[in-house]
Amino acid sequence: MRSRWPADAGIALMVAVLFWGSGVWSTTLAILLGTAQIVPLLARRRAPVTVLVAVTAATVVHVLLGLTVNIGYVPVLIGIYSASSRLWLCSGAALAIASAMSTVKGPVNGGMLTLAISAVAWTLGVERQKHLSERAELEAAHRRERTAMRLHDTLGQTTTVMLVQAEALRSVGTLTEAERSRVDAILAAGREAMTEVRRTLADLRDDVVPDRETDLSELVERLRQAGLVLDDLPDIPEWAQRVVAEALTNVLRHAGPGTKATVTVNDVHVEVRNRIPGVIRPRGAGYGLSSLERHFGSRLVYGRRGLHWVVRVYFP
């Protein structure tokens, strides 16, 4: 509110200057009534309904006591603009001012002109409210998508590494029955966590993709420790690092530890490729790739290529 106070004060000051320049403040009574019209405008954002009622009442009294210039009902137009969501109130204010102006300037120059200008003020206010609502919805969508990406990139990737490590531990034949039960409990908890992550992502999913940097080197190190076979990465453009991070995570998640992935960069595209184990049947993209696809569009392609799964993103 503090940042809007100077604007509201500036509007009130400009209306005061208009009143002074047009001769509205010609008497002491006119000064008092004009002040009663202008001062409420300082609160038009906090209490638009109250402000509109106050300035309309003061303006009607002012007109009936001799105000004849059209500048005199500018505060009402500002009030209608600010309270545009209250259609019936705005209509009542416009009719009240139009009726009062008709008595001093006639039905055309007074009443009809007032109604026409009031309709313009109301339309502008409605458009402003619509714009603010759309902006708020867009900001909310950005927040939801950022939350979804954090869940996907932290919980999803970390839980995948945990599950792979637990599966590898369970396959060791030297575990006792109690130890195997503990590993099974870890696996069950991890799978349940992954299910909850997917459900949350489905709830948060939107069409806006956030601009979020990925710490690729740290992720690659975790994936290697979990069993992904990967040579040293080439120099990957910053804009493509998120695609590479998602693709490498999917290799470990779906193909399992011991799978070799290769990352190549040329003048046309960045590519991540891995051989598909015979027991794996690729089912297409999950949340990560599909959300990236909404961002990169036709520049991102993925799918089976013979015995390999390939994710490729083309340079801008």
Side-chain angles (χ1 to χ4, degrees), residues 145 148-169 171 190-191 194 197-198 201-202 205 209-316:
E145 188 66 21
M149 286 295 98
R150 289 193 187 99
L151 283 172
H152 179 270
D153 290 351
T154 56
L155 289 178
Q157 293 172 354
T158 303
T159 305
T160 295
V161 173
M162 180 189 75
L163 288 174
V164 171
Q165 294 282 34
E167 288 281 8
L169 180 62
S171 64
R191 294 188 183 106
M194 287 296 295
V197 168
R198 293 190 182 100
L201 291 176
R205 189 168 186 171
V209 176
D211 181 14
R212 183 178 184 273
E213 295 183 358
T214 300
D215 189 343
L216 186 58
S217 59
E218 181 180 340
L219 173 63
V220 166
E221 184 60 30
R222 293 204 311 266
L223 295 176
R224 281 174 174 153
Q225 292 176 359
L228 181 66
V229 180
L230 181 66
D231 295 332
D232 291 338
L233 293 180
D235 187 14
I236 299 173
E238 184 176 348
W239 58 266
Q241 290 187 8
R242 178 162 179 76
V243 176
V244 173
E246 176 63 25
L248 292 176
T249 301
N250 287 342
V251 172
L252 182 62
R253 178 182 298 149
H254 300 295
T259 303
K260 180 177 176 58
T262 58
V263 181
T264 56
V265 180
N266 58 32
D267 295 335
V268 179
H269 61 250
V270 178
E271 179 184 282
V272 179
R273 175 186 294 261
N274 68 281
R275 188 177 180 86
I276 302 173
V279 297
I280 300 296
R281 293 184 179 180
R283 298 180 180 179
Y287 178 82
L289 283 179
S290 61
S291 63
L292 289 171
E293 189 175 30
R294 295 197 303 276
H295 178 63
F296 288 100
S298 60
R299 289 169 49 208
L300 177 64
V301 295
Y302 50 84
R304 185 165 191 156
R305 300 289 187 274
L307 299 177
H308 293 83
W309 180 265
V310 177
V311 177
R312 182 181 297 167
V313 59
Y314 289 86
F315 277 77

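No side-chain donor-acceptor contact under 3.5 Å links Arg275 to the backbone of Leu307. Checked by atom type and distance alone, the side chain of Arg299 pairs as donor or acceptor with a backbone atom of Tyr314 at under 3.5 Å.
Here the side chains of Val244 and Val311 are not in contact, with every heavy-atom distance at 4.5 Å or above. No side-chain heavy atom of Leu219 sits under 4.5 Å from any side-chain heavy atom of Leu248. Side-chain contact between Leu233 and Leu216 is present, with at least one heavy-atom pair separated by less than 4.5 Å. Residues Asp231 and Lys260 have side chains in contact (heavy-atom distance under 4.5 Å, counting atoms from C-beta outward). Residues Arg273 and Thr264 fail the side-chain proximity criterion, which asks for heavy atoms closer than 4.5 Å. In this structure, the side chains of Val263 and Pro234 come closer than 4.5 Å at one or more pairs of heavy atoms.
Of all heavy-atom pairs between Gln241 and Ile236, the closest is NE2-O, 3.5 Å. In terms of heavy-atom proximity, Pro237 sits nearest to Val270 at CD-CG2, 4.0 Å. In terms of heavy atoms, Gly227 sits closest to Leu252 at C-CD1, 4.4 Å. When all heavy atoms of Phe315 and Asn266 are compared, the closest pair comes out as CE1-O, 3.2 Å.
Within the model, atoms CZ of Arg305 and CZ of Arg312 stand 6.5 Å from one another, a figure rounded to the nearest 0.5 Å. For the atom pair Leu292 CG and Tyr302 OH, the distance stands at 9.5 Å (nearest 0.5 Å). For the atom pair Glu218 CD and Leu223 CG, the distance stands at 10.5 Å (nearest 0.5 Å).
With sequence neighbours excluded, no residue forms a salt bridge (Lys or Arg N to Asp or Glu O under 4.0 Å) with Asp267.
Classification of the Phe296-Trp239 ring pair by plane angle, with boundaries at 30° and 60°, yields tilted.
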